[in-house]
2 protein chains.
Amino acid sequence: MTLKNIARELGVSISTVSKALKNSNEIGAETIERVQAFAKLYNYRPNNLAISLKNKRTNNIGVIIPDIVHYFFTTVFRGIEQYSKKHGYNVIACVTDESLEREVVNMEMLANGSVDGFIMALSAETQKKNHFDHLKRINELEIPLVLFDRVTDEIECDKVLINDREAAYNAVMKFIENGRRKIALITTEDYFSVSQGREAGYRQALESFGLPVDEALILKLPFMDLDEILINTFFDSQDIDAVLCVNEIFAIHSMNLVQKKGVNVPEEMEFIGFTDGILSKYAKPGLTSMAQHGFQMGEIAAKMLIDRIQSGLSEKEEPCRTEIIESTLIERESTINAIPVL
Amino acid sequence: MTLKNIARELGVSISTVSKALKNSNEIGAETIERVQAFAKLYNYRPNNLAISLKNKRTNNIGVIIPDIVHYFFTTVFRGIEQYSKKHGYNVIACVTDESLEREVVNMEMLANGSVDGFIMALSAETQKKNHFDHLKRINELEIPLVLFDRVTDEIECDKVLINDREAAYNAVMKFIENGRRKIALITTEDYFSVSQGREAGYRQALESFGLPVDEALILKLPFMDLDEILINTFFDSQDIDAVLCVNEIFAIHSMNLVQKKGVNVPEEMEFIGFTDGILSKYAKPGLTSMAQHGFQMGEIAAKMLIDRIQSGLSEKEEPCRTEIIESTLIERESTINAIPVL
DNA sequence: AAACAGTACGAAAACGTTTTCGTGTTGATA
DNA sequence: TATCAACACGAAAACGTTTTCGTACTGTTT
């Protein structure tokens, strides 16, 4: 069923059909009725591709994420999808698996008319190699782009982040208030924007309390593989009474390992993680965690993107914004809390 | 940069440019070179929409899932995405949030030229209300459809499932072999295809061992909200030494609750869940679980769909297939195992 | 010299829309 | 009665491709 078919069957022109279906006042009442009745009867639906081609808008947005199995990205995705759908946009999802090449390929694939804009978090490899030519190209094509969580200063575009520095600062402050002084940090290698911020917050909190920053208390784990031996020797060789971890897995895993050694959590050692995911909730003891509010982050990213798409203003015409989402500490049993939680 | 632009700049026709870029042997060698050099220089990329409109193929597939935050669906999605990308297809992801209406809306949105086929798991509401008109419409439009995990017999299409009955049977058998006799089942309300299968397997295993099926040992929880009181009174009022749960959350949650009552797992009570997700791995004790191999399921679903798309044969011409994926028991500390696991 | 095959290219239709502009008809006004 | 606005509709271009078919030219064959 196409406009052409309807037009032929009803003995009118294509333009008349098109207008009649839109209740145009150029068309007479009874013609409108005939056309609409016929269209309904034969279940006519306009072809999206043709409309997109004509209007130069696809109503699709491309979401490029490093990993879909991680709770945080999943939650952000959920926010993006929900907001987008509510505003008439579909989401094309691409997973890069932390690979630069797949990031490039995916974006190239979508940049030629398939989407009106991108929302993405940089892959690990992209951040490591500091390679952003593909994003610059998106910029040149004037395709709107919103970066979230894993961002870079090299690209001028809208961004949405959490206050990594402040969040880590607050987490460490909680340890300090609880009387802890030998506070460790378990983080990734340096190239992640989020880890950098969190490490900075960790250092800042210690310093602002006159505590020395002992580099031996900072463990940098290779991303993606949890080396138990590394973690075990770290805990064996250092005197530690509190641990801040830059993500949930690091926290759960190291908490499990020290418990296996007989350490009592939280009495002898407290733990705080980042990303308040499903693991934190069901861990034993429950993991106190900095909630990143991924859903809200996704909604905001989608709103920023769609607003820019609909304004039609490029990054040059309308200055870019960076939204900061406040993270909040969810207290569970891995820390000692003023008001006990269940 | 369009074909038309290149043609104008080079003083040739659009068709010549189009053919030259494809190395057509209709075009002279030096023209080909000129055109390709020019195209490379100006970074020409063909417009996907135009190609799709012309060829009546979008190279997009629509994936409709009830929930993206759940580990199992996420894993399946990952398999779909990876296989699809490898074969030149993009994935448009829609989340129904277990709502029939959103399922309908999403499919309507994509069915008009946006995708070449669908892969989906039915929403809870859809299964509850047994309402499949939207799927019948997809059938009529001859848009290929693959159902996975949550399926229905009412729709004739390709399907991919796990052997729910057999898996539950095997899980119960393990309990029986371990000497358990008071085996409970925690499941959802009846309308889920997977729960039906798993309950059948549970019953079958008991019967085949001459054990009575005590209906009081079957707890049917409302989907989506974990009513702790319900679970607690269930365990308080029944004498139970093993529990099979139809999903991971039910298992973790009830295991935590009975542990809080002082029950030793696995000595006094064993647990087996379904979906070997991240929670099972990090739970304490680690949850023995029926792995559903979601990634593989996704790959197979994508393969079935893409094969059908590329064959061009409708469900009537080429008979539908149902692939069964064998689930495997991952043994952890919530059961007593022949060979102890770490 | 006529016929012919091969080469290299262009014109145009097609995919299914949207939208601008033109035009014929009607009825009211000067 | 000539003029004009309002009304109802159609023709055609446009979006960016692909593909079929036609054709001008070159060089070879009889």
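Throughout, protein chains are lettered first and strands after them, A, B, ... in sequence-line order, and every chain is numbered starting at 1. The structure displayed is predicted, hence computed values, not measured ones.
- Between A:T16 and D:dC9 there is no side-chain N or O to OP1 or OP2 distance below 4.0 Å.
- For the side-chain hydrogen bond (donor to acceptor under 3.5 Å, both in side chains) test, residues two or more places apart in sequence or in another chain that qualify with A:D116 are A:T58.
- Between chain A and DNA chain C, the heavy-atom contact criterion of under 4.0 Å yields a 5' to 3' nucleotide range of C:dC15 to C:dC21.
- Using a 4.0 Å cutoff on non-hydrogen atoms, the parts of residues 47-60 of chain A near DNA chain C are A:N47, A:A50, A:I51, A:K54, A:N55, ordered by number.
- Regarding A:E30, its CD atom lies at a distance of 13 Å from the C1' atom of D:dC7, rounded to whole Å.
- Evaluation of the side-chain hydrogen bond (donor to acceptor under 3.5 Å, both in side chains) rule for B:E98 yields B:R150 as partners, not counting sequence neighbours.
- The terminal axes of the helix from C:dA1-D:dT30 to C:dA30-D:dT1, fitted over 5 pairs per end, subtend an angle of 80° to the nearest 10°.
- Scored by the side-chain hydrogen bond (donor to acceptor under 3.5 Å, both in side chains) test, B:T31 finds no partners at all (sequence neighbours excluded).
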Under 3.5 Å, sequence neighbours excluded: what are the donor-acceptor pairs made by side chains of residues 32-41 of chain A?
| residue | atom | partner | partner atom | Å |
| --- | --- | --- | --- | --- |
| A:R34 | NH2 | A:L10 | O | 2.9 |
| A:Q36 | NE2 | A:A20 | O | 3.0 |
| A:Q36 | NE2 | A:N23 | OD1 | 2.9 |

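- Residues meeting the ring-ring contact (aromatic ring centres under 6.0 Å, His included) test with B:Y191, sequence neighbours left out: none.
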Using atom types as modelled, flag every donor-acceptor pair under 3.5 Å from a side chain in residues 65-72 of chain A to any protein atom, sequence neighbours excluded.
| residue | atom | partner | partner atom | Å |
| --- | --- | --- | --- | --- |
| A:D67 | OD1 | A:V69 | N | 2.8 |
| A:D67 | OD2 | A:H70 | ND1 | 3.0 |

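- In this structure, the ring-ring contact (aromatic ring centres under 6.0 Å, His included) partners of B:H87, at least two apart in sequence or on a different chain, are B:Y83.
- Residues satisfying the side-chain contact (heavy atoms from CB on, under 4.5 Å) criterion with A:E101, sequence neighbours excluded, are A:S99, A:V105.
- Not counting sequence neighbours, B:N139 has no partner by the side-chain hydrogen bond (donor to acceptor under 3.5 Å, both in side chains) test.
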